[in-house]
Amino acid sequence: MLEEVERWLSARSWSAADRPVQHLLSAKHATGQSVSVVLPALDEEATVGDIVAVIRRELVLGVPLVDEIVVVDSGSSDRTAEVAAAAGARVVHRDAILPRIPAVPGKGEVLWRSLLVTGGDIVCFVDADLREFSADFVSGIVGPLLTDPDVHLVKAMYDRPLGAAPGQGGRVTELMARPLLNMHWPQLAGFVQPLGGEYAARRSLLERLPFPVGYGVELGMLVDALHLVGLDALAQVDVGVRVHRHQDGRALGRMAAAIYRTAQLRLARGHLVRPALTQFERGADGFEPHTYAVDTEERPPMTEIAEYATRRVA
């Protein structure tokens with residue numbers, strides 16, 4: 001590990017307990033910063049309501065740290081929108097945001113569009129499939145942004161149990177993302193959960209970043225933020241344990257392909273010859289190939305979108 005990263009780990013890695021919520025509230029009042037929480041959601045009826053309810057109860061009504069909770073529905077076929085609204089979130093459908101640009105499937109697409117329907121100086125992203133959710137996931141990662149003006153992006157770090165096995169989650173992280181970062185961007189080798197979906201950043205940074213539309217968004221954002229604001233502007237906070245549903249092996253393969261493509265683009269800005277991944281499943285007549293497109297599109301920095309500029313002026 002680089003000496004620079006060792007120093008960063010000591011200076012820019014914290015625990016959620018290091019900043020009590022009342023201390024964060026005082027910092028929020030002193031700086032006048034507002035906080036938006038965004039949950040990208042696709043068929044998360046079983047979990048999204050509990051997450052919204054915890055944030056609202058503890059960080060809106062309890063200690064008024066969060067100014068808005070927005071669930072961006074990515075085309076759910078279940079009751080995700082109804083459950084989220086009933087729990088107290090403002091629900092916006094992905095396709096209703098920036099309709100002149102047709103939406104494409106993907107998590108990054110939803111996160112990018114969320115900048116147009118939120119107003120916080122600090123934007124906190126939380127995945128909508130978490131179970132046993134704690135408000136520390138929000139207060140922990142917005143804390144450094146409220147208290148340290150030199151910090152621009154904060155990732156959550158946590159244990160990820162896989163079933164009954166502790167610490168075995170994050171398979172794409174260990175098999176794809178961590179090797180890529182260590183080999184090509186060693187300054188980012190200190191991040192415990194580089195692909196984690198819980199992170200917060202200043203709007204002033206997010207609006208200048210391109211957003212890969214799919215699974216590559218977390219890696220792309222981390223790499224681009226490193227180049228834009230430098231390692232010391234990035235941080236991580238330990239929030240405990242993350243419990244969520246796990247993807248099967250084929251879904252993880254497609255996720256890994258998208259992440260590799262995102263890394264490849266940032267390494268060479270070259271042409272991806274074959275943006276597809278073929279996987280195999282056993283069928284009645286033996287192994288059958290199934291080919292999936294790999295996300296190849298990225299949305300430009302939001303500062304380049306006319307509607308966003310107009311909204312900022314207004």
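- With S26 contributing its side chain and Q22 its backbone, the two residues share a donor-acceptor pair below 3.5 Å.
- Atom OG1 of T262 sits about 11.0 Å away from atom CE of M221, to the nearest 0.5 Å.
- Ring pair Y308/W112: centre-to-centre distance not below 6.0 Å.
- Defined by atom type and a distance below 3.5 Å, a donor-acceptor pair is present between the side-chain atoms of D43 and S77.
- Considering CE of M176 and CD1 of I259, their distance stands at 7.5 Å, rounded to 0.5 Å.
- Ion pairing of R266 with D224 is present here, as a side-chain N (NZ or NE/NH1/NH2) and a carboxylate O approach within less than 4.0 Å.
- Using a 4.5 Å heavy-atom cutoff, the side chains of E307 and L98 are in contact.
- E58 places no side-chain N or O within 3.5 Å of a backbone atom of S134 that could act as its donor or acceptor partner.
- Remark: side-chain polar atoms of W8 are not paired, donor with acceptor, to backbone N or O of S13 under 3.5 angstrom.
- More than 12 heavy atoms of other residues, nucleotides or ligands lie within 6.0 Å of CD in E6, so this atom counts as buried by the packing criterion.
- The two residues G143 and L24 come nearest to each other via the heavy atoms CA-CD2, 3.4 Å.
- Atom CG in L228 sits 4.5 Å away from atom CZ in R208 (nearest 0.5 Å).
- Between R171 atom CZ and L195 atom CG the span is 13.0 Å, to the nearest 0.5 Å.
- Using a 4.5 Å heavy-atom cutoff, the side chains of S139 and L65 are in contact.
- Counting all heavy atoms, side chain and backbone alike, A128 lies closest to P40 at CB-O, 3.5 Å.
- Between E218 and K107 there is a salt bridge, with a side-chain nitrogen of the basic residue lying less than 4.0 Å from a carboxylate oxygen of the acidic one.
- Side-chain atoms of W185 and L267, non-hydrogen and from C-beta on, do get closer than 4.5 Å to each other.
- The existence of a salt bridge linking K28 and D67 is confirmed by a sub-4.0 Å separation between a basic side-chain nitrogen and an acidic carboxylate oxygen.
- Side-chain atoms of R90 come within 3.5 Å of backbone atoms of V117 as a donor-acceptor pair (strictly under, hydrogens ignored).
- Residue Y215 comes nearest to A258 through the heavy atom pair CB-CB, 4.1 Å, listed as atom of the first residue, atom of the second, then distance.
- In terms of the ring pair (Phe, Tyr, Trp, His ring centres under 6.0 Å) criterion, W14 has no residue partners (sequence neighbours excluded).
- In terms of heavy atoms, A135 sits closest to V54 at N-CG1, 3.9 Å.
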Is there a salt bridge (Lys or Arg N to Asp or Glu O under 4.0 Å) between R131 and D50 once you walk through the steps?
-> CA-CA 8 Å; R131 301 180 185 277; D50 289 341; over 6 Å; no

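- Closest approach of A200 to I122, counting heavy atoms only: CB-CG2, 4.4 Å.
- One hydrophobic cluster, built from ILVMFWY side chains closer than 4.5 Å, cannot hold both L2 and V192; they sit in different ones.
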Run the numbers on V241 and Y158 for side chain to side chain contact (heavy atoms under 4.5 Å, CB included), then give the verdict.
-> CA-CA 5 Å; V241 179; Y158 34 66; 5.7 Å; no

Show the numbers, then the answer: is there a side chain to side chain contact (heavy atoms under 4.5 Å, CB included) between F191 and L222?
-> CA-CA 10 Å; F191 277 94; L222 204 55; 3.9 Å; yes

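- Of the possible donor and acceptor atoms, none in the side chain of T80 sits under 3.5 Å from a partner among the backbone N and O of S76.
- Tested against F125, the residues V110, L39, L111, V217 include a single side-chain contact (heavy atoms from CB on, under 4.5 Å) partner, L111.
- Judged by distance alone, the side chain of E68 and the main-chain N or O of V37 form no donor-acceptor pair under 3.5 Å.
- At least one side-chain heavy atom of I101 sits under 4.5 Å from a side-chain heavy atom of I305.
- Electrostatic pairing of E298 and R261 counts as a salt bridge here, judged by a charged N lying under 4.0 Å from a carboxylate O.
- Using a 4.0 Å cut-off between a side-chain N of Lys or Arg and a carboxylate O of Asp or Glu, K155 and E198 do not qualify as a salt bridge.
- One finds a salt bridge joining E174 and R178 here, because a Lys/Arg side-chain nitrogen approaches an Asp/Glu carboxylate oxygen to under 4.0 Å.
- In this structure a side-chain-to-backbone donor-acceptor pair under 3.5 Å is missing from D148 to P144.
- Clustering of Ile, Leu, Val, Met, Phe, Trp and Tyr by side-chain heavy atoms under 4.5 Å joins M183 with none of the others.
- With sequence neighbours excluded, the residues satisfying side-chain hydrogen bond (donor to acceptor under 3.5 Å, both in side chains) with T147 are R19.
- Side-chain contact, Q193 with R242: no donor N or O sits under 3.5 Å from an acceptor N or O.
- There is no path of hydrophobic side-chain contacts, each under 4.5 Å, that joins V142 to M157.
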Please step through side chain to side chain contact (heavy atoms under 4.5 Å, CB included) for the pair L130 and T47, ending with a clear verdict.
-> CA-CA 6 Å; L130 303 188; T47 51; over 6 Å; no

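- Looking at heavy atoms from C-beta onward, V38 lies out of side-chain contact with V71 at the 4.5 angstrom threshold.
- Contact between N182 and A189 at its shortest, heavy atoms only, is OD1-CB, 3.4 Å.
- Remark: side-chain polar atoms of D127 are not paired, donor with acceptor, to backbone N or O of D129 under 3.5 angstrom.
- A distance of 10.0 Å separates NE2 in H184 from CD in Q264, rounded to the nearest 0.5 Å.
- Using a 4.5 Å heavy-atom cutoff, the side chains of Q33 and L146 are in contact.
- The line from NE2 of H152 to CG of L145 is 9.0 Å long, rounded to the nearest 0.5 Å.
- Salt bridge annotation for R94-E109: absent, with no cationic side-chain nitrogen under 4.0 angstrom from a carboxylate oxygen.
- Side-chain contact check for L180 versus Y260: some heavy-atom pair is nearer than 4.5 Å.
- With a 4.5 Å cut-off on side-chain heavy atoms, L226 and Q187 count as touching.
- A donor and an acceptor atom, one from each side chain of S34 and D121, are located under 3.5 Å apart.
- Panel note: side chain R12, backbone V237; no donor-acceptor pair is recorded below 3.5 Å.
- Checking each of I55, I51, V126 against I69 for a side-chain contact (heavy atoms from CB on, under 4.5 Å) leaves exactly one that passes, namely I55.
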Between D73 and V92, is a side chain to side chain contact (heavy atoms under 4.5 Å, CB included) present by the stated rule, with each step listed?
-> CA-CA 6 Å; D73 188 351; V92 185; over 6 Å; no

